[in-house]
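First the structure, in the form of structure tokens, and then the observations on it.
Proteins come first, then strands; the chains are lettered A, B, ... in the order of their sequence lines, and each starts at number 1. Keep in mind it's a predicted model, so treat the numbers as computed, not measured.
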There are 2 protein chains.
Amino acid sequence: MSTPPAVPTEDPASSRRPRSYAKGVARRQEILDRAIEVFAAKGSEGTSLRAIAEKIGVSHAALLHYFGSREELLVEVLRERERRHDDYRTADDRRAHDEVVGGMVRAAHRNVTVPGFVSLYTSLLAGSLEPDREYSREFFATRFARIRDRLSALIRIGQEEGGIRADVDPEAMAALVIAASDGLQTQWLLEPSVGIERSLALLELILEPDPAESDKNSSRTA
Amino acid sequence: MSTPPAVPTEDPASSRRPRSYAKGVARRQEILDRAIEVFAAKGSEGTSLRAIAEKIGVSHAALLHYFGSREELLVEVLRERERRHDDYRTADDRRAHDEVVGGMVRAAHRNVTVPGFVSLYTSLLAGSLEPDREYSREFFATRFARIRDRLSALIRIGQEEGGIRADVDPEAMAALVIAASDGLQTQWLLEPSVGIERSLALLELILEPDPAESDKNSSRTA
DNA sequence: GTCTATAGGGCGATAGAC
DNA sequence: GTCTATCGCCCTATAGAC
């Protein structure tokens with residue numbers, strides 16, 4: 001799995017900086033890219049700061065120069081990967097019913113090809129629940145809130161268009177879809193015969209508008 | 001991984017052992033009880049072997065005498081707690097539709113009162129996905145398989161009795177219910193406004209038999 | 001600004017004294 | 001059966017070389 005050359009273009013304020021600032025940013029990105037490769041292959045445990053540094057070819061102190069702590073490095077790896085694959089950014093509002101569960105199915109499909117990331121994600125999420133893990137807790141809390149917001153918005157659109165059952169609480173359904181996706185991937189890691197997609201597909205039965213209740217909406221796309 | 005000289009509790013061959021075996025078992029149980037109290041209050045991180053030992057009032061080496069490793073101690077804490085609350089053992093087959101989701105709701109209700117256990121569970125589960133975690137991986141794999149079996153059996157009963165929609169795959173639904181329960185508790189820990197029960201209740205919509213399709217269904221499970 | 005070298009304190013695990 | 005002592009590893013912090 002190769003990675004395109006690191007060309008960070010996000011900080012406009014750097015134009016006022018002296019020089020050789022870009023190099024630091026590039027180096028940081030380079031380390032991030034290599035770290036992603038490492039985690040894709042292995043999980044997160046057994047991957048001490050020293051072990052990661054060794055595989056990347058730098059000292060463990062160098063890693064801490066760019067990332068304040070091991071926790072922060074791991075979070076940034078997750079954040080970067082998420083930036084590359086945003087499954088709901090391209091969601092088509094016209095097909096809200098399919099997109100709600102479809103986005104999760106696509107994400108699960110991709111994750112199944114790199115068990116290391118599922119493991120990293122699960123491990124970091126669990127750790128974020130403990131005290132003194134402000135950085136990762138903030139990341140996950142924000143991430144969950146963001147995805148819940150997008151999903152519930154998508155659900156509301158579907159309800160207005162009549163493609164989604166109207167009496168379903170969008171917030172509750174959003175949380176459920178995320179929970180199911182996370183939980184199924186964990187079960188799948190322990191028992192690969194668990195069909196992630198098959199179980200997720202059941203969630204669509206919740207969304208289907210009940211024909212008997214279509215006194216409120218009557219437009220339905222087959 | 002070396003095998004400790006410690007005496008396993010469930011080995012029938014131990015009848016040949018000299019004596020003073022019962023006391024060891026009693027002491028082990030005593031330590032387990034104290035450990036459960038400790039974990040109910042706090043999570044699993046920050047609870048090093050030394051910290052647990054100090055709170056219980058023994059040396060950390062004593063803990064390792066009764067439990068081969070930290071991993072094993074934590075698993076036994078979970079196992080013991082589960083032994084005390086088995087939510088599907090008492091399931092009433094006559095009300096299969098309600099019991100499927102109901103059991104999870106009851107478990108979630110109880111867990112919400114002791115966040116430390118949810119945290120311990122999540123942390124240990126995440127760790128079990130890593131290499132060299134044979135003991136906890138075996139525990140979770142067995143646990144998930146057992147609950148899936150019970151749930152799917154309950155679902156089949158409900159389908160035969162007509163209380164549960166017939167075209168739902170029992171195995172896939174069982175995995176989904178467990179996944180949702182686990183995932184929702186995690187989200188709830190990060191954002192208490194997430195309504196676990198409200199989201200779980202949506203799963204019941206999947207089970208509801210569709211009156212319009214009742215006559216379309218002709219094949220039954222053998 | 002970038003990175004190396006080094007040190008401190010905590011961890012799980014083990015060995016051997018009592 | 002339980003303890004003290006100790007080992008090797010870990011994360012983190014920091015001083016200072018380039």
Side-chain angles (χ1 to χ4, degrees), chain A residues 6 8 11 13-14 16-32 34-35 43-75 123-124 127 130-136, chain B residues 1-9 14 17-32 34-35 43-77 123-124 127 130-136:
Chain A
D11 193 352
S14 62
R16 259 188 64 78
R17 304 292 252 142
R19 225 183 63 81
S20 73
Y21 180 64
K23 186 193 171 190
V25 176
R27 184 84 177 104
R28 185 188 143 109
Q29 186 64 37
E30 186 185 331
I31 290 176
L32 210 47
R34 292 279 294 124
S44 70
E45 196 121 332
T47 56
S48 68
L49 212 48
R50 281 170 170 78
I52 302 170
E54 191 179 352
K55 295 209 177 196
I56 294 181
V58 297
S59 73
H60 79 276
L63 256 50
L64 287 177
H65 174 71
Y66 291 102
F67 307 89
S69 66
R70 179 179 187 270
E71 179 190 7
E72 190 176 331
L73 169 61
L74 265 39
V75 167
S123 171
L124 210 48
E130 308 290 338
D132 292 325
R133 283 294 220 286
E134 194 60 37
Y135 196 89
S136 53
Chain B
M1 196 178 288
S2 60
T3 307
V7 193
T9 57
S14 61
R17 291 192 68 84
R19 57 203 173 81
S20 72
Y21 182 64
K23 187 196 173 192
V25 173
R27 184 84 176 106
R28 184 188 144 111
Q29 186 63 41
E30 186 185 332
I31 291 177
L32 208 48
R34 291 281 293 126
S44 70
E45 197 123 330
T47 55
S48 68
L49 217 42
R50 281 173 170 77
I52 302 169
E54 190 181 351
K55 296 209 174 193
I56 294 183
V58 295
S59 73
H60 78 277
L63 256 51
L64 289 176
H65 173 71
Y66 291 101
F67 306 90
S69 67
R70 180 179 186 269
E71 178 191 8
E72 190 176 330
L73 168 61
L74 266 42
V75 166
E76 295 310 322
V77 166
S123 171
L124 210 47
E130 308 290 339
D132 292 327
R133 284 294 222 286
E134 193 60 38
Y135 197 88
S136 52

To the nearest angstrom, how far is B:R70 atom CZ from D:dC10 atom C1'? 14 Å
Atom-to-atom span, NE2 of A:H65 to P of D:dA15 - whole angstrom: 16 Å
Separation of B:E30 atom CD from D:dG1 atom P, in whole Å? 14 Å
Are any of B:S48's side-chain N or O atoms less than 4.0 Å away from OP1 or OP2 of C:dC11? yes
Drop me the distance from A:R50's CZ to A:L63's CG, to the nearest 0.5 angstrom. 11.5 Å
CG of B:L64 versus P of D:dG1: gap in Å, rounded? 16 Å
Once rounded to the nearest 0.5 Å, what's the spacing between atom NE2 of A:H60 and atom CZ of A:R70? 12.5 Å
What string of B, S and - do you get for nucleotides 3-8 of chain D, 5' to 3', when a contact is any protein heavy atom under 4.0 Å? BBBB--
Does the pair A:V75 and A:F67 meet the rule for a side chain to side chain contact (heavy atoms under 4.5 Å, CB included), with working shown? CA-CA 10 Å; A:V75 167; A:F67 307 89; over 6 Å; no
What is the distance, to the nearest angstrom, from the CG atom on B:L73 to the C1' atom on C:dA13? 14 Å
Looking at B:E54, I want to see if its CD is surrounded by more than 12 non-hydrogen atoms of other residues, nucleotides or ligands under 6.0 Å. no
Would you give the length of the straight line joining atom OH of B:Y135 to atom CD of B:E76, rounded to the nearest 0.5 angstrom? 3.5 Å
Please report, rounded to the nearest Å, how far the C1' atom of C:dG1 is from the CZ atom of A:R27. 13 Å
Find the distance A:I31:CD1 to C:dT2:C1' and express it as a whole number of Å. 10 Å
Please tell me if the side chains of B:V58 and B:R34 come closer than 4.5 Å, counting only heavy atoms from C-beta onward. no
What is the separation between atom CD on B:E54 and atom C1' on C:dC11, rounded to the nearest whole Å? 14 Å
